Amino acid sequence: MVSNRGGHFIESALDYEKKWIVKWSESKIFEADPNPSKPKFFICVPYSYQNGPLHIGHGFTFTRGDAYARFKRMQGYNVLFPWSWHWTGEAVAGTSERLKQGDQLIRKVLLEIDGVPNEIIDKFTDPAYISKYYTEENRKVVRAIGFSVDFRREFYTTDLHPYYSKFITWQYLTLKKKGYVTMGKHPVVWCPHCKSATGDHDRLIGEGVSPEEYTLVYFRMDDVYLAAATLRPETIFGVTNIWINPNHEYVITEVDGKKLLISKKAAEKLSQQKKNVKIISQVDPKKIIGKIVETPLTGVYIPLLPAEFVDPNFGSGVVYSVPGHAPYDYAGLLTLKKKVAEVDEYNIRNIVEKIKPISIIKVPDYGDYPAVEIVEKMKIADDKDPRLEDATREIYSKEFHSGILKENCREFSNQKVSEARENVKQKLIEEGLGDIMWELPEKVVCRCGTECLVKIVENQWFLKYSDPEWKKKVKEHIMTMKIYPEEARQWFLNVVDWLRDWACTRKTGLGTKLPWDPEWIVETLSDSTIYPALYTISKYLNRGDVKPEQLTPEVLDYIYLGIGDPAKISAKNKIDLKLLKTMREEFLYWYPVDMRISAKELVPNHLTFYLFHHVAIFDEKLWPRGISVNGMITIEGEKMSKSRGKFIPLKTSIIKYGADTTRCTLLLAAEDMDDPDWREKNAREVKLMIEQFLRVVEEVAKAPLVDETPVDKWLMSRLQRRIKNITTYMETLKTRKACHEALYGMYSDWRWFLRRTNNTISRTAVKFIEDWIKLLAPFIPFTSEEAWSILGKEGFVSVEPWPIVLGELINPEAELAEELIMKLMDDIRSIMDVLEKKPNRVIVYVASENKLELLEEALNIIKENEQKSLGKLITRIMEKLPGREKQAVALARALLDTVSSLISTYKHKTIIDAAKNEEEIYKRAAEFLSNELSTQIQVFKEGTIGLYDPLKKAETALPLRPGIYIE
RNA sequence: GCGGGGGUAGCCAAGCCUGGUCAAAGGCGCAGGACUGAGGCUCCUGUCCCAUAGGGGUUCGUGGGUUCAAAUCCCACCCCCCGCACCA
């Protein structure tokens, strides 16, 4: 067990961050034990592979998880947020191997990017040491960034860990028992030199290339079959001849009792894919040119012709020719017809002349012979033209997606090309006239420099994800889960559909041995599916209450499945009965997992496997309840890459900016499945904002308080809206919006408040600040704790109750009044801008009472028929204000604008009341406005006797839209 | 190719599901002003084009369509990112 010692903190940028790490740790507030009086919430993130330092990409996902955990904790849930480390896999072993071989590049990356100290790097030749080293390092980072983890439950994977492998052993025995693990074979990209599968990361050339399935089609020539490899077996109805390359070596081999004629290279390849491949004899290809062979299924006799475009290193080195539908084949014929000498040498002139394309596929946009058409259209003259690749791709794709076999295709006639392909293949194999051959579509070269080929690995263990019943259960469960964002749900469903059996064992690397076949190790993605269940009991194991060897399958059967008699199990395994029952209860208390948060790259693999395994093993009510996925980090707009230096360890940004700034910058970077972009500039801005927040709190803490200010009601009302929004956003994992509103939204309200009160702070305003601190606590917990203590509060804000909306404090009247003031200020300003001169004074004319009816009219009209409201309102205005017909249109439009902007936020009555109080509202704000605008503001009501109104602006006044005169 | 996501003003990035309140939130950058010994920080104002009274014009990848009304709905197209298996 990796020790759980504290005290080794990395240097954070900020002293107060270090302080709170210690306080949290000492107070144990994040350690979670079952508490029947509280609702539980189990949240987790996938553990990270320990082959390098945690980087800001991890930071993004994990901070979302932590923010959510903190939010739920403040909401009163008993939150379990555990942590562990993934050691399983082959990559670390690869690093060790490369280091042993003296690979300077890997050494450089380890030293310079990962920051491994020079004096210990030689120990990295031991894979286990690497994972151990990073686990120790990364634990410090997890603490430093303030994740609210219950560290008592920590573990790491593989059989290097005393009890993890016991858990995996139980898991695989259970899966096997239920029939979800089967044995089979599968093709892999293989290095003949290294004698191992060559994964993407182990390749010099050919990243992303995977084996493709070709069909071998057998053309009989006496007792030998020419085995042509094709991606399009359905085209054998259009075959006119066979191509071989006369300038290369061909052999006759015996495969499964049949004699096949293929290129020498193909025979070597095939020997990796089939048992008992024997080379019987060499064949001189020149000597068989012109011979006639029999087509399978149709029995048609066709000739064997020479073609240089046939690559003997690809496929079987034998190609059957379909000139009507394959551009290469048609071009091959054209070429051959021009090579008079060669044709005569083989004495095949007669044969060649007679060959005509055969049309077998109907396809839109083309006639009977698409290959002929495209070759002619592109003016391709011979089979060496590189554009044949494009032509082939075009025809291939077109025919696959929209082609239908014609009447001359026997029982396959009228089938879609996409269906017929599979059917013809099956038929050929059934009849013993075909087989499957795997081939790499592009060259792949192993890191060792050897060219790779495809090998069929035998006796491989698979997880049977193809099982339709299993799939069905998983899909049904996906339909009922909480998935954020919603778009991910369809993705999951697609993945389940598409998933094939998964090779779940490996021969090399770190991991846990397959219990019934210990020469295999359970593969990395397959040993990390239901481990959240282990968290529920791991604290007892870490404490030594249960010894690893006591974790037998029957003990785990009881804890996780409730199978067996606890008394007997207790006696047999010498586990205290009470403890055994406690573990069962604790598992049932925490399970299921309520929320798992991860990057979207894990949707097609880990997260889906996670669902499959839970569905396979546990009772339905223990299946995962929620998943949230997020995007993947880019750095300054570019993809993360160690070799290009686009890599920022979390530790680096914590040291540079502090933990809270790092957290907040990440959270603000993206939402849903969008990819967050880390920009140093953003981090600097966020840091300033956090400092500003702390300054605000300090000022409030010192400020003399008044009992009340006129905008308190407004402030409290705004606060309620903010609480509501932030809470809703958090509930749906909209962490960016939530964090943004908590930081910037709250700040903008606070600024307006200070402006309006001329920096006077009331007791109510302190309440606003308190809630602000709480609302920020999930995102910037260190700063929030610090702020909480600056305010003189006891305890930890991390465990304070989350603010709830107090309905009685929602005050639309107050909000609308402020909105009117802002609007008036804007209007006055925009006029001042146009005037471009310093005004002496501004007079505001509030509409007279008799215009209130117009407002009401406008509200009703909009409500009832939004379509012709303008016309109606114009009519009403003309009735109401006779003699003002000229202005009616403008007035109506202005009124409608004003009203329609308010109607969605405020109730009818609120708007009317505000209009009634309009004069009062402006008069109360007159001093404020005068200061803001640096001029004298006077407020009068339209119709006041002796009103000073040189521009007749009072007449233009409408309710909620006063007339303005500037001089 | 298949599947998923996306293209919004100088940049980043909301809005799109539930059409009108959108010239379009917020942040940055830039400009002006306040504060300051000066700066930094902070605060205010402006930042598509035109306009000497709160106005008008043209914008949300491209092209069509639906609608009284479209960044928002529908169709087609172009472009970008991610995953596609034995790799964590």
Side-chain angles (χ1 to χ4, degrees), chain A residues 46 48-51 86 88-92 186-189 197 199-202 208 210 393 396-397 400-401 457 460 462 465 485-488 490-492 494-495 497-506 523-526 528 599-606 631-632 634 637 639 668-675 677 679 681-682 684-686 688-689 691-692 695 736-737 740-741 743-745 748 751 754-755 823-824 826-837 862 866-868 870 890 894 896-905 932 934 951 953 956 961 963-966:
Chain A
S48 59
Y49 187 48
Q50 295 306 299
N51 68 332
H86 203 194
T88 310
E90 298 167 284
V92 164
H186 76 129
V188 295
V189 178
D200 246 4
H201 310 289
D202 299 324
S210 53
R393 208 171 298 127
Y396 180 103
S397 163
F400 179 73
H401 293 288
V457 175
Q460 170 63 272
F462 286 91
Y465 293 138
E486 184 56 37
E487 299 87 74
Q490 189 55 48
W491 190 4
F492 274 111
N494 293 343
V495 168
D497 271 336
W498 156 93
L499 212 56
R500 306 195 300 256
D501 290 347
W502 183 267
C504 63
T505 54
R506 283 299 104 78
E523 171 270 344
T524 174
L525 281 168
S526 303
S528 55
K600 64 184 174 184
E601 59 177 345
L602 297 187
V603 170
N605 43 65
H606 165 72
M632 282 149 56
T634 56
K639 219 195 286 184
L668 291 173
E671 196 146 84
D672 297 340
M673 287 199 276
D674 291 344
D675 294 330
D677 188 21
R679 284 171 193 261
K681 201 183 73 175
N682 292 356
R684 287 194 295 270
E685 287 153 15
V686 167
L688 290 177
M689 185 60 216
E691 286 165 6
Q692 177 64 9
R695 250 194 315 271
R736 184 195 125 93
K737 278 198 181 76
H740 191 273
E741 184 142 357
L743 194 59
Y744 293 104
S748 99
R751 270 192 312 201
L754 289 185
R755 237 171 121 179
K823 178 82 171 71
L824 177 60
D826 274 356
D827 281 348
I828 295 172
R829 269 217 181 87
S830 67
I831 299 169
M832 279 164 46
D833 284 348
V834 181
L835 292 177
E836 282 178 347
K837 63 179 180 193
I862 285 184
E866 59 258 23
Q867 295 192 10
K868 289 169 185 155
L870 191 62
L896 223 51
D897 272 1
T898 310
V899 171
S900 61
S901 71
L902 299 174
I903 202 157
S904 63
T905 323
E932 285 285 327
S934 309
L951 280 184
K953 283 290 172 185
T956 67
R961 190 182 177 283
I964 296 165
Y965 170 67
I966 296 178

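Nothing here was measured: the structure is a model prediction, and the numbers come from that model. Here is how names work: the chains are called A, B, and so on, in the same order as the sequence lines, proteins then strands, and each is numbered from 1.
For A:Met673 and B:G6, the CE to P distance is 7 Å, given to the nearest whole Å. Distance, A:Leu499 CG to B:G3 P: 17 Å, rounded to whole Å. Following rounding to the nearest Å, A:Arg684 (CZ) and B:G29 (C1') show an atom-to-atom distance of 12 Å. Separating the CG atom of A:Asp677 from the C1' atom of B:C12 is a distance of 8 Å, rounded to the nearest angstrom. One interatomic measurement links the two molecules: CD of A:Glu685 to C1' of B:U42, which rounds to 16 Å at whole-angstrom precision. Counting to the nearest Å, the C1' atom of B:A25 and the CD atom of A:Glu741 are 11 Å from each other. Rounding to whole angstrom units, CD1 of residue A:Ile828 and P of B:G46 are separated by 13 Å. The interatomic distance linking A:Met689 (CE) with B:C43 (C1') rounds to 13 Å, in whole Å.
Dashed line: the shortest gap from a side-chain N or O of A:Asn494 to OP1 or OP2 of B:G4 is under 4.0 Å. OP1 or OP2 of B:U45 lies within a sub-4.0 Å distance of a side-chain N or O belonging to A:Arg755. Within the 4.0 Å cut-off from OP1 or OP2 of B:A13, not a single side-chain nitrogen or oxygen of A:Arg736 is found. In this model, the phosphate group of B:C82 is approached by a side-chain N or O of A:Lys639 to a distance below 4.0 Å at OP1 or OP2. Contact annotation: A:Lys737 side-chain N/O to B:G15 OP1/OP2 distance is under 4.0 Å.
Among the heavy atoms of the strands, none lies under 4.0 Å from A:His606. Within 4.0 Å of A:Tyr965, counting heavy atoms only, lies at least one base atom of the nucleic acid. Among the protein residues, A:Gln692 comes within range of the sugar-phosphate backbone only, with heavy atoms under 4.0 Å from sugar or phosphate atoms but none that close to a base. Residue contacts for A:Ala503: at a heavy-atom cut-off of 4.0 Å it reaches a base atom on one of the strands shown. The residue A:Trp491 sits close only to the backbone: its heavy atoms come under 4.0 Å of sugar-phosphate atoms, none of a base. Nucleic acid contact for A:Glu601: none, since no nucleic acid atom lies under 4.0 Å from a heavy atom of the residue. Using a 4.0 Å heavy-atom criterion, one finds that A:Leu951 contacts the bases of the nucleic acid, with or without backbone contacts as well. Within 4.0 Å of A:Ile966, counting heavy atoms only, lies at least one base atom of the nucleic acid. Using a 4.0 Å heavy-atom criterion, one finds that A:Ser528 contacts no nucleic acid atom at all. Among the heavy atoms of the strands lying under 4.0 Å from A:Asp674 are primed sugar atoms or P, OP1, OP2 only; no base atom is included. Within 4.0 Å of A:Glu90, counting heavy atoms only, lie sugar-phosphate atoms of the nucleic acid but no base atom. Contacts of A:Arg829 with the nucleic acid, taken as non-hydrogen atoms under 4.0 Å apart, involve only primed sugar atoms and P, OP1 or OP2. Contacts of A:Leu525 with the nucleic acid, taken as non-hydrogen atoms under 4.0 Å apart, include base atoms.
Taking a centre distance below 5.5 Å and an interplanar angle below 30 degrees as the stacking criterion, A:Trp498 stacks against the six-membered base ring of B:A85.
The distance from the CG atom of A:Asn51 to the CD atom of A:Glu90 is 13.0 Å, given to the nearest 0.5 Å. The CD atom of A:Glu487 sits 5.0 Å away from atom CE of A:Met673, with the distance rounded to the nearest 0.5 Å. Taken from CG in A:Leu602 to CE in A:Met632, the straight-line distance is 9.0 Å, to the nearest 0.5 Å. With values rounded to the nearest 0.5 angstrom, A:Tyr465 atom OH is found 7.5 Å from A:Cys504 atom SG. For the atom pair CG of A:Asn682 and CG of A:Leu668, the computed distance is 8.5 Å after rounding to the nearest 0.5 Å. The structure places CG of A:Leu951 at 12.5 Å from CD1 of A:Ile964, a figure rounded to the nearest 0.5 Å.
Listed candidates were B:A85, B:C41, B:G54. Nearest to the side chain of A:Ser830 is B:G54. With distances taken from any side-chain atom of A:Thr956 to the nucleotides B:G5, B:G54, B:C41, the minimum falls on B:G54. Among the nucleotides B:A85, B:G26, B:G83, the one closest to any side-chain atom of A:Pro604 is B:G83. Side-chain atoms of A:Arg751 lie closest to B:C43 of the nucleotides B:C43, B:G26, B:C81. Of the candidate nucleotides B:G27, B:G55, B:A88, B:A88 has the atom nearest to the side chain of A:His86. Of the candidate nucleotides B:G55, B:A88, B:U42, B:G55 has the atom nearest to the side chain of A:Arg961.
The base of B:G54 sits with one of its N or O atoms less than 3.5 Å from a complementary donor or acceptor on the side chain of A:Asp827. Between the side chain of A:Asn51 and the base of B:A88, no donor-acceptor pair under 3.5 Å is found.
A donor-acceptor pair shorter than 3.5 Å can be found between the side chains of A:Asp677 and A:Thr634.
Between the P atoms of B:G5 and B:C73, the separation comes to 14 Å (whole Å). When the C1' atom is used for both B:G46 and B:C16, the distance is 29 Å, rounded to whole Å. Straight-line distance between the C1' atoms of B:C68 and B:C17: roughly 24 Å, to the nearest whole Å. Rounded to the nearest Å, the gap between the C1' atom of B:U58 and that of B:U8 is 16 Å. When the P atom is used for both B:G7 and B:A71, the distance is 15 Å, rounded to whole Å. Nucleotides B:A13 and B:U18 place their P atoms 26 Å apart, quoted to the nearest Å. When the P atom is compared between B:C43 and B:G26, the two are found 14 Å apart, to the nearest whole Å. Taking atom C1' in both B:G83 and B:A88, the straight-line distance is 14 Å, to the nearest Å.
When Watson-Crick and G-U wobble pairs are counted only if both distances are under 3.5 Å, B:C84 pairs with B:G1. Remark: B:A13 base-pairs with no nucleotide; criterion is Watson-Crick or G-U wobble with both hydrogen-bond distances under 3.5 Å. Using Watson-Crick or G-U wobble geometry with both donor-acceptor distances under 3.5 Å, B:G55 finds its partner in B:C50.
Both A:Gln50 and A:Glu932 lie close to RNA chain B; mapped to their nearest nucleotides by heavy-atom distance, the more 5′-ward contact belongs to A:Glu932. Between A:Glu523 and A:Lys681, it is A:Lys681 whose nearest contact on RNA chain B lies nearer the 5' terminus.
Here the shortest heavy-atom pairing between A:Phe462 and A:His186 reads CZ-CB, 3.5 Å.
Between A:His740 and A:Tyr744, the ring planes lie tilted relative to each other; the angle falls in the 30° to 60° range.
For A:Thr505 (side chain) and A:Glu523 (main-chain N/O), no donor-acceptor pair under 3.5 Å exists by modelled atom type.
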